[in-house]
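Working notes, beginning with the structure itself.
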Amino acid sequence: MKKSKFAKIEKKWQQKWEKGKIFESNISKKPKFFLTIPYPYVNGGPHVGHSFTNFRGDVYARFKRMNGFNVLYPQGFHATGQPIVGAIERLDKKDPVQISTFKLFGASDSDIKNFIKHGPEFTAKYWMKKWIQTLKKGGFSIDWRRSFITTTMTPTYSRFVEWQYNTLKKKGFVVQGTHPVIWCPHDQSPTGDHDRLEGEGESTIEYTILKFRLDSGEVLPCGTLRPETVYGATNLWVNPEVEYVKANVGKETWIISKQAAGKLADQLKKVKIIGKVRGYELMGKQVTNPVTRNKIMVLPASYVDPEAATGIVVSVPAHAPYDWVGLRDLQQNPDQIKKYGLNLDLVLKIKPISLIKVPGFGEFPAVELVEKMRITDQKDKMRLEKATSELYKAEFHKGVLNNLYENYAGKRISEIKEVLIEEFKKMNAIDSIWESTGRVVCRCMTVCHVKILENQWFLKYSDPEWKRLTKECISQMKFYPEEVRSQFLNTVDWLKDKACTRKGGLGTPLPWDRQWIVETLSDSTIYMAYYTLAKLIDQKNIPSKKLTDEVFDYIFSGRGNPIMISKNSKLSKEVLKKLRREFDYFYPVDLRNSGKDLVQHHLTFFIFHHVALFDKKYWPKSIGVNGFVNVSGTKMSKSKGNITPMDELIEKVGADLVRINVVADAEGMNDANWRDESLSGYESRILFLMKLAKDLKKTRRTSIQMVDKFLLSRINEMIKSSAGNYELMKFRSASQFSFFDSVNELKWYLERVGGIKNANRKILTEAISIVIRLVAPLLPHLAEEMNQIIGGKKLVSISDWPKMDEKKSDRKIMEMENVLKKTIDDITNVLKLAGKKEKLYLYFATDKELEYFNQSVDFIKKRFKFKKVSTFRNDDEKKYDPQNKSSKAKFGKPGIFLE
RNA sequence: GCAGGGGUACCCAAGUCCGGUCAAAGGGACAUGGCUUAGGACCAUGUGGCUUAGUGCCUUCGCCGGUUCAAAUCCGGCCUCCUGCACCA
C-alpha cells in the first residue's frame, strides 16, 4: 500500500505534541471546557463510520483550546454486554464473517487463536489497544491518562456503577416490575432485534381472548384485536387438521393449540395440559357467546393457524374478509359440510351480522371488499391480508357503531374500544394473550413468542418528576444543531420505563440483586464523571473497596464530613479532597457529541441520569449531534463489504486529509459521504498553502498598496465567519471560510500583485499566519508544519485564535475591489462579443475609483494582454472617448471603451 | 403505526427562521482555451433557453393549490427518501 505523502510530517508533530504533554489537562486558573464523545464498543477497530463523531469532537476540542480554554478531552472504551461474548462464540465455531471482520481491522491468525483461548476480556483489551494506536495516528488531542475500559475490567469503574444504581434506587428511580418481551424458548432469553433471523422491528401486542364456552363448561378462547366485534360473531373457526390440547388454565379448562398453551405458560398463567382434542372433533359443537349469550357453531377453516394466538378464531363475516371468505367457501361446499357431519340447513342459514357503519361501504364491508378485490378463496392470503388491514383501519378511525350496541350506538370505535373492553372484563367474558406483531425467529432457528418477565429491574423513566427535571435541563442546554432540541423533548415525553438489567454478558452486577447485570445502555449514562477521577485513581492506585458510596457522594456533591468518610473508607483525606476538587473543577460536561441515532436513547438517558444524580450546577451544558458516514453514496454495512478501517485510510491519505474530508463534508443532521475524488481538491489547496509558506522569502515589495489592505480586510473577515461556524459545530461552513475562501483570496492576491516577488512580505506573512490558525482545528499537523516554515516558534495547537481586527477590515476597500472584479467581468464579456481589442479606456464617476484603478492598471493590462490602458474621470474634458461611453459611468460601474 | 429530519441545477451542497439584492455561494465532474515535450498539476471561461459591447427577457428550487406588487423562502394538501421506536450496542 502506498503511504501518504504527509505521513512523516504527521508523525513528527504527533511526537512533539506527546512530548510536550500539551493535551494533558490539569486543574488550572483558566476556564475549563470538558467535552466527550461516546466510548466505542471494542469488538473491532475504528472505521470511517466512527470517524465523523470522533473527528468532530477533536476539531471542537482544538478550536476551544485555541480560544483560551483548558480543554479536557478524554477517551474511554466500552465492553459491556453480549456482542464481544457472541463474537468469541462465533470464532469458536469458525464463523468466517467474524474471522474476516477481525482480520479486516488487523488481527492476525495467532491473535484470533488468542481471542478464543483467553476470551472476551482479553479480546476487548486487544481492540482497545488498536483503537488507541489508530486515534494517536489520527492526531487526536486526547488526554490519555484518563482512559479506561468498562466495567468489571476496571473494578473502580464498576464500583462507580454500583454507586450510581444504589443512589438511583434510593431516589426511587429503579423499580421492579413485569414486562412482556419477545422470547426465545430455546435460548431462554429475550430476542432483541439484532438477535433475530426473521422479524426485525416486530414488537409485542396484547390480544383479547373472548371466552366462548361449550355446554360442558370448557372454554374455547378466541384471540382477537377487535373484541368489540363480538356482537357480530356468527360462528367459531377451528382448524380440523390440527391437534388441540385440553388444559387447565387457572381454574378453567381451555381448549387451545399446543403452541398457545406454551405461550400462556410463559405469560404468568398456570397451565396444565390434561388431554388432547382433534380439531374435527369440535365441528358442529355449540358454544355460548360470552357477551351476547347467543349460541353459535364451531366450523372448519383451513386458514386457522395454530401458531397465532389461541389457535381458535371467532368469525365476524360482516367485517372480517377472512371470515367472510371462510364462510362463503364452506357454504358453497356441501361435501365439506357433510364430511364433518354438519347440519347443512344450519350452515346455510348463517348470515353476516352488520355492526359498524363505515363511510364508503354498505352494510357488509368485508363482503363488498372481497368482491371488489376478487378474492376467490381462503388460500389467497396476499389479497386477504391487504383487504383486512385496509378495512380494519377504516373501521377503527371512521367506523361508527350501529344500533346493536344500545348504549354506544353512534360512537366511533377509536373512542369506545377501551370502554367496551373494561365492560367485558367485568362480565368475566375475556382474558388476554400477548403476541409479537409478526413472526420472529431467533438466530438459533427457534420461533419466538412473548414472555412476561417478572422481577425485572426498570429505570422509571415514566416518572413525571424525573421527566420534568430532564426537561428543565434541556431548556437550559444548547444543541448543535438547534433542530434536535424538539427531538429530545419528544423523546422525554414518550419514554416509558426501561429494563436496565440483563442475565448474560459482561457488566457490573446489580449491587443488591447480583443475579442481574446492569445492561449496557444503562451503565453508560454518567461515566463522563469518572474521567475527571480516572487520572488520580490510577496515579494513587486507589483500590475499588475504598471507593464507598459515601466517598462518591462526597466527591460528587461535596456533602458529608470528609474526616468521617476518610475514616470509614480508609481513603486518605487528602486524596478524597483532591478527587472532589478534580470533579468540581471539570464538571459539568460542556459538550457531548454523538451520532443522530443516539438521540432517542443514550443521549436522552445521559440527561435523565445527570439530573437524577447531580446538583444543578453539574448538569450537562450542550449536545452536538451529527449524521452517519456513507461510502461513495452507499450506507456502510458488513454485508456490503464496504467497511473501511480508519487505520488503513490514515495510512493511505494521511490523518489531516481523512479528517477534513469527513468533517467538512456535511453539517447539521446530514450524513457525510466519503468520496475519494474529493481528496485531490483538498490536497492541491494544502500544497498551495505549503508552497506559499515556503515562497514567503521570495517577496520583495515593502510599500503598502490597496491590494494589501484588501487582502487583510478579507482575511480578517474570515476570522469572524470561521469562528462563528466552528463555535456552532458547523464545520462544513467553517472550512468554507477558513480554507476554501482563504485560499481563493490568497490566489487572487498573488494574481493581483503579479506574482510572489511583488507581494508585500509583512502583509502576506500576517495573512498566512492567520489562515494557518484558522485551519488548524481541521488540519492540525499541516498547520504546525506551515507554521514552522514561516518561522513560528510556538505550537499552533496551543496558540491563540487570531483576533479580529476591525481597523484592518476596511469595507470601502472591499467595495472597491468588488468594483474592480465586476469591471473585469464586464470587460471579459465585451471582449467575447466584440472580438479581440488592444486598447482599453475606463471612465469613472468618482475620484476614489479612479485612484483605486490607477493602482491596478498593470494587473488589468497583463490579464487581458492589452497594449494600452487609460483611465479618466467621466467629466475629464481632455479624455479620449469617441463613442461617449463615459456617459454610462456610474459609481460602481465605470464606462468601458475598447478598440 | 408513532416521533424527528430531508427532497435545490450533471453530482454533493449553501440559501428557507427574518419573502425582493437568487438563474440561486462553494466544491466536484465535464467542455473549451492557456501553460506544458507529453501526462498531471495550475490558470481563465463555460455548463436552463433566447438575446446583448458590459444587457434584457422567459422558464426553473419534489408535486398541486393558495397568500402577496413580489415566493426556493410564508400557508394548505399530496408524493417520496432517511433515522429511531427499548432490554439491543
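Note that these values count all heavy atoms, side chains included, but never hydrogens, waters or copies made by symmetry. Each chain gets a letter, A, B and so on, in the order the sequences are listed, and its residues count up from 1.
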### Closest-nucleotide ordering on RNA chain B, the 5'-leading residue of A:Glu202 and A:Gln82
A:Glu202
### Query
Checking all strands, does A:Asn490 fall into the base, sugar-phosphate, or nothing category for heavy-atom contacts under 4.0 angstrom?
sugar-phosphate
### Query
Looking at the rings of A:Trp434 and A:Tyr207, which for Trp means the six-membered one, are their centres under 6.0 Å apart?
no
### Message
Taking any heavy-atom pair under 4.0 Å as a contact, classify A:His602: base, sugar-phosphate, or nothing.
### Response
nothing
### Query
Between A:Tyr165 and A:Phe173, does the ring centre distance come in under 6.0 Å?
no
### Task
Starting at atom CG of A:Asn630, determine the distance to atom P of B:rC11, rounded to an integer number of angstrom.
17 Å
### Task
Could you check A:Ile517 against A:Leu510 for side chain to side chain contact (heavy atoms under 4.5 Å, CB included), going step by step and ending with a plain yes or no?
CA-CA 5 Å; A:Ile517 282 168; A:Leu510 203 59; over 6 Å; no
### Task
Determine which nucleotide pairs with B:rU83, using a 3.5 Å limit on both distances of a Watson-Crick or G-U wobble pair.
B:rA3
### Query
Whole-Å distance between B:rG4 P and A:Asp671 CG?
19 Å
### Task
Would you mind classifying the nucleic acid contact of A:Gln487 as base, sugar-phosphate or nothing, using non-hydrogen atoms under 4.0 angstrom?
sugar-phosphate
### Message
For B:rA24, give the paired nucleotide (Watson-Crick: N1-N3 plus N6-O4 or O6-N4; G-U: N1-O2 and O6-N3; both under 3.5 Å), or none.
### Response
none
### Task
Determine the contact category for A:Asn744: base if any of its heavy atoms lies under 4.0 Å from a base atom, sugar-phosphate if only primed atoms, P, OP1 or OP2 are that close, otherwise nothing.
sugar-phosphate
### Message
What is the distance, to the nearest angstrom, from the CZ atom on A:Arg196 to the P atom on B:rA89?
### Response
13 Å
### Task
Write down the distance separating the P atoms in B:rA23 and B:rU60, rounded off to the nearest Å.
13 Å
### Query
Considering every strand shown, what is the Watson-Crick or G-U wobble mate of B:rA31 when both distances are under 3.5 Å?
B:rU45
### Task
Could you tell me whether A:Gln456 contacts a base, only the sugar-phosphate backbone, or nothing, with contacts defined as non-hydrogen atoms closer than 4.0 Å?
nothing
### Summary
In whole angstroms, the gap separating C1' of B:rG4 from CE of A:Met669 amounts to 7 Å
### Message
Tell me the interatomic distance from A:Asn818, atom CG, to B:rU21, atom C1', rounded to whole angstroms.
### Response
13 Å
### Message
Classify A:Thr80 by what it touches in the nucleic acid, base, sugar-phosphate, or nothing, heavy-atom distance under 4.0 Å.
### Response
sugar-phosphate
#### Entry: Watson-Crick or G-U wobble partner of B:rC61, both distances under 3.5 Å
none
### Query
Given the side-chain rings of A:Phe77 and A:Tyr39, with only the six-membered ring counted for Trp, is the space between their centroids under 6.0 Å?
no
### Task
To the nearest Å, give me how far apart CZ (A:Phe737) and P (B:rA13) are.
18 Å
### Query
Base, sugar-phosphate alone, or nothing: which one does A:Thr191 contact when heavy atoms must sit under 4.0 Å apart?
sugar-phosphate
### Query
Is a side-chain N or O of A:Asp671 found less than 3.5 angstrom from the main chain of A:Gly627, in a donor-acceptor match?
no
### Query
Within less than 4.0 Å of OP1 or OP2 of B:rA13, is there a side-chain N or O belonging to A:Asn673?
no
### Query
In the strands shown, is B:rC74 matched to any nucleotide by a Watson-Crick or G-U wobble pair with both distances under 3.5 Å, and which?
B:rG66
#### Entry: Over-ring placement of A:Lys503 relative to A:Trp516, 6.0 Å and 45° cut-offs
yes
### Query
Taking atom P of B:rA86 as reference, at what distance in whole Å does atom CG of A:Leu453 sit?
15 Å
#### Entry: A:Lys596 to A:Phe628 six-membered ring, cation-pi geometry met (6.0 Å, 45°)
yes
### Ring-face cation contact, A:Phe479 with A:Arg485, 6.0 Å cut, 45° max
no
### Message
Measuring only the P atom in each nucleotide, how far is B:rA3 from B:rG77? A whole number of Å is fine.
### Response
14 Å
### Task
With heavy atoms under 4.0 Å as the rule, sort A:Asn661 into base, sugar-phosphate or nothing.
nothing
### Query
Checking all strands, does A:Asn670 fall into the base, sugar-phosphate, or nothing category for heavy-atom contacts under 4.0 angstrom?
sugar-phosphate
### Query
Any donor-acceptor pair under 3.5 Å joining the side chain of A:His601 to the base of B:rA89?
yes
### Message
Under a plain distance cut-off of 3.5 Å, with no hydrogens placed, do A:Asp513 and A:Gln515 share a side-chain donor-acceptor pair?
### Response
yes
### Task
Give the B/S/- string for nucleotides 42-56 of chain B, one per nucleotide from 5' to 3', where a protein heavy atom under 4.0 Å of the base yields B, of only the sugar-phosphate yields S, and otherwise -.
SSSS------BBBS-
### Query
In whole angstroms, how far is the C1' atom of B:rG5 from the CD atom of A:Gln600?
10 Å
